[in-house]
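A quick write-up on the structure given underneath.
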Amino acid sequence: MCAQNNRNKLVCVVGPTAAGKTKLAVDIALAFGGEVVSADSMQIYRGMDIGTAKPSPEEMRGVPHHMIDVADPNEDYSAARFGDEAGTVIDDVLERGKLPVIAGGTGFYIGAVLNPDGFAPRPENDEIRKELQKLADAKGVDAVFEILKREDPESAEKIDKNNLKRVIRAIEIYRTCGMTRAEFLSSRPSEKRRNTIMIGLNVVPRERLYERINLRVDDMMARGLLNEVRALLENGVRENGTAMQAIGYKELVPAIRGETDIGTAVALIKQRSRNYAKRQLTWFKRDAGTVWFEHTGGNDFEKTIEIIKKYIKDKLQEE
RNA sequence: AGGGGUAUAGCUCAGCUGGUAGAGCGGCGGUCUCCAAAACCGCAUGCCGAGGGUUCGAUCCCUUCUGCCCCUG
């Protein structure tokens, strides 16, 4: 069952957290001679293993994994940077005649690799961001939104005034390249989407998925998540950085400080993970090209994997 | 056992002197083109503990019962 990947195709496994993407990706890689490319905004950080459910060497089963442990927790990573770096990795895997298997839960990052031109060029200007942020702190989000209404009224219609991040970004685009956001987006090269076999993996019904999430959080705690967070803090990882926004980490910090008890923190981690899973589902369901496969988290998972492998085999043979 | 308090959405509680109810959290749905495990938006919660009474009308007043909490013994 080792089809040759000579058409620059790649497989992408998406789905909510705890659905089994890691295992599926390795199974696929093993079956078709592939390498896994993680598309996860938190697994990129070194020192964050348990809480991000990073695959262990055993779980990797000899399959090369990329885009894991590529950044320091104090770095500010971004979707654009991921798009560049993962894109390079994918091209490299393809050149070696292997099948890239993208697996991950960060839809935004997946978009950044799959539509490489959609993210570049990308004007940026930290000064503008900081200035606007300062204005927001001093006079509130409305003050910043007023600027957007004046400079790019079209975007102001689309972006909610409370969504400061996006409001700032739109103003940043307008000021750095003299175009409105809409003009800027359409000015870039048309999106050359990579030739991707999109696989959606989900656990059904929803309660089963949530059960799995809850159990996995308990398992993470049992395996020492608390110490992992402690170690990060001791190593001086910034608490307001992107890395420490990860679910499972930000909730445990107050527990370590004794400001809240562990039980409360764990319950919150479970809840936030469930909310996150829902957001992932919402994101991934938008892509009409994704073919979904469901399992109940029981014995049927193996059968589902076989079905998926068969599906991929057919797809790889198509012209 | 006696005295006091309380009973309203899954949870914590609002509801001025009677006109069939709201906030937060959670839940559900959605948005997303360099912070995305982030940020943001929308929707619905309900025999207002049970029975009786007063009233045109009771979540609100009276009464009985039940549950819970506190005090005294």
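Here is the naming used below: chain letters follow the sequence lines, and residue numbers restart at 1 for every chain.
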Problem set entry | Closest-nucleotide 5' rank along RNA chain B - winner of A:Lys278 and A:Gly105 | A:Lys278

Exercise. Any side-chain N or O of A:Lys285 less than 4.0 Å from the OP1 or OP2 oxygen of B:G29?
Worked result: no

Exercise. Of the nucleotides B:A39, B:A38, B:C41, which has the atom closest to the A:Asn163 side chain?
Worked result: B:A39

Exercise. Between A:Asn74 (CG) and B:C35 (P), how many Å, whole number?
Worked result: 18 Å

For this session: Using whole Å, report how far CD1 of A:Ile159 lies from C1' of B:C40.
Result: 11 Å

Exercise. If we take the C1' atom in both B:U59 and B:C43, what is their distance in whole Å?
Worked result: 25 Å

Exercise. Which is true for A:Phe82 with a 4.0 Å heavy-atom rule: it touches a base, it touches only sugar-phosphate, or it touches nothing?
Worked result: nothing

Exercise. With a 3.5 Å cut-off and no angle check, do the side chains of A:Glu75 and A:Tyr45 form a donor-acceptor pair?
Worked result: no

Problem set entry | Rounded distance in Å - CG (A:Leu164) to P (B:C41) | 12 Å

Problem set entry | Distance below 4.0 Å between A:Thr282 side-chain N/O and B:G30 OP1 or OP2 | yes

Exercise. Angle class for the A:Tyr109/A:Tyr77 ring planes (parallel below 30°, perpendicular above 60°, tilted otherwise)?
Worked result: tilted

Problem set entry | A:Asp92 bridged to A:Arg96 by N-O distance under 4.0 Å | yes

For this session: Sticking with atom C1', work out how far B:G3 lies from B:U20, rounded to a whole angstrom.
Result: 34 Å

Exercise. Which whole number of Å gives the distance between the C1' atom of B:C40 and that of B:A21?
Worked result: 29 Å

Exercise. To the nearest Å, how far apart are A:Glu157 CD and B:C40 P?
Worked result: 21 Å

For this session: Determine the contact category for A:Lys250: base if any of its heavy atoms lies under 4.0 Å from a base atom, sugar-phosphate if only primed atoms, P, OP1 or OP2 are that close, otherwise nothing.
Result: sugar-phosphate

For this session: To the nearest Å, give me how far apart CZ (A:Arg81) and C1' (B:A38) are.
Result: 18 Å

For this session: Just grab all the salt bridge (charged side-chain N to carboxylate O under 4.0 Å, His left out) pairs involving residues 292-303 of chain A, residues at least two apart or on different chains.
Result: A:Lys23-A:Glu302

Problem set entry | Phosphate-side-chain proximity, A:Arg181 and B:U33, N/O vs OP1/OP2 below 4.0 Å | yes

Exercise. Which whole-number value in Å describes the distance from A:Arg166 CZ to B:A39 C1'?
Worked result: 6 Å

For this session: Compare side-chain N and O positions of A:Asn162 against OP1 and OP2 of B:A39 and report whether any pair is under 4.0 Å apart.
Result: no

Exercise. B:U33 P sits how many Å from A:Glu183 CD, rounded?
Worked result: 17 Å

Exercise. Can you tell me how far P in B:C48 sits from the matching atom in B:A9, rounded to whole Å?
Worked result: 9 Å

For this session: Round to the nearest Å and state the distance from A:Tyr249 atom OH to B:C35 atom P.
Result: 22 Å

Exercise. With rounding to whole Å, what would you report as the distance between B:C61 and B:A38 at their P atoms?
Worked result: 45 Å

For this session: Report which part of the nucleic acid A:Gly51 touches: base, sugar-phosphate, or nothing (heavy-atom distance under 4.0 Å, all strands).
Result: base

Exercise. Are A:Arg279 and B:A38 close enough that a side-chain N or O sits under 4.0 Å from OP1 or OP2?
Worked result: yes

Problem set entry | P-based separation of B:C35 from B:C25 [nearest Å] | 25 Å

Exercise. If you find the nucleotide of RNA chain B closest to A:Arg274 and the one closest to A:Arg129, which residue's nucleotide is nearer the 5' end?
Worked result: A:Arg274

Exercise. With respect to the phosphate group of B:C35, does any side-chain polar atom (N or O) of A:Tyr77 fall under 4.0 Å of OP1 or OP2?
Worked result: no

Exercise. Below 4.0 angstrom, N of the basic side chain to O of the carboxylate: do A:Asp91 and A:Arg194 qualify?
Worked result: yes

Exercise. How far does the C1' atom of B:G5 sit from the matching atom of B:G49, given to the nearest Å?
Worked result: 16 Å

For this session: For B:U54 versus B:C47, give the span between their C1' atoms, rounded off to a whole number of Å.
Result: 22 Å

Exercise. Given B:A36, B:A39, B:G27, which nucleotide is nearest the side-chain atoms of A:Phe108?
Worked result: B:A36

For this session: Would you confirm whether A:Arg208, through its side chain, and A:Thr296, through its main-chain N or O, come within 3.5 Å as a donor-acceptor pair?
Result: yes

For this session: Under 4.0 Å between any heavy atoms, over every strand shown, what does A:Ser273 touch: base, sugar-phosphate, or nothing? Just pick one.
Result: nothing

Problem set entry | Side-chain heavy-atom pair A:Leu233, A:Glu239 within 4.5 angstrom cut-off | yes

Exercise. Which of the following nucleotides, B:C35, B:G27, B:C28, is nearest to the side chain of A:Arg206?
Worked result: B:C28

Exercise. Is A:Lys139 salt-bridged to A:Glu146, cutoff N-O under 4.0 Å?
Worked result: no

Exercise. With a 4.0 Å cut-off on heavy atoms, is A:Asp76 in touch with a base, just the backbone sugar-phosphate, or nothing at all?
Worked result: nothing

Exercise. What nucleic acid atoms does A:Asn275 come within less than 4.0 Å of, heavy atoms only: base, sugar-phosphate, or nothing?
Worked result: sugar-phosphate

Problem set entry | Canonical and wobble pairing (Watson-Crick, G-U, under 3.5 Å) of RNA chain B, dot-bracket with | | (((((((..((((.....[..)))).(((((.......))))).....(((((..]....)))))))))))).

Problem set entry | Derivation and outcome, side-chain hydrogen bond (donor to acceptor under 3.5 Å, both in side chains), residues A:Arg272 and A:Asn275 | CA-CA 5 Å; A:Arg272 294 249 172 89; A:Asn275 295 161; 5.8 Å; no

For this session: Among B:C40, B:C28, B:C35, find the nucleotide with the atom closest to the side chain of A:Lys165.
Result: B:C35

Problem set entry | Touch class at under 4.0 angstrom, heavy-atom based, for A:Gln271 against every strand present | sugar-phosphate

Problem set entry | B:G26 phosphate, OP1 or OP2, under 4.0 Å from A:Tyr210 side-chain N/O | no

Exercise. Looking at A:Asp218, A:Asp261, A:Leu226, which hits side-chain contact (heavy atoms from CB on, under 4.5 Å) with A:Val266?
Worked result: A:Asp218

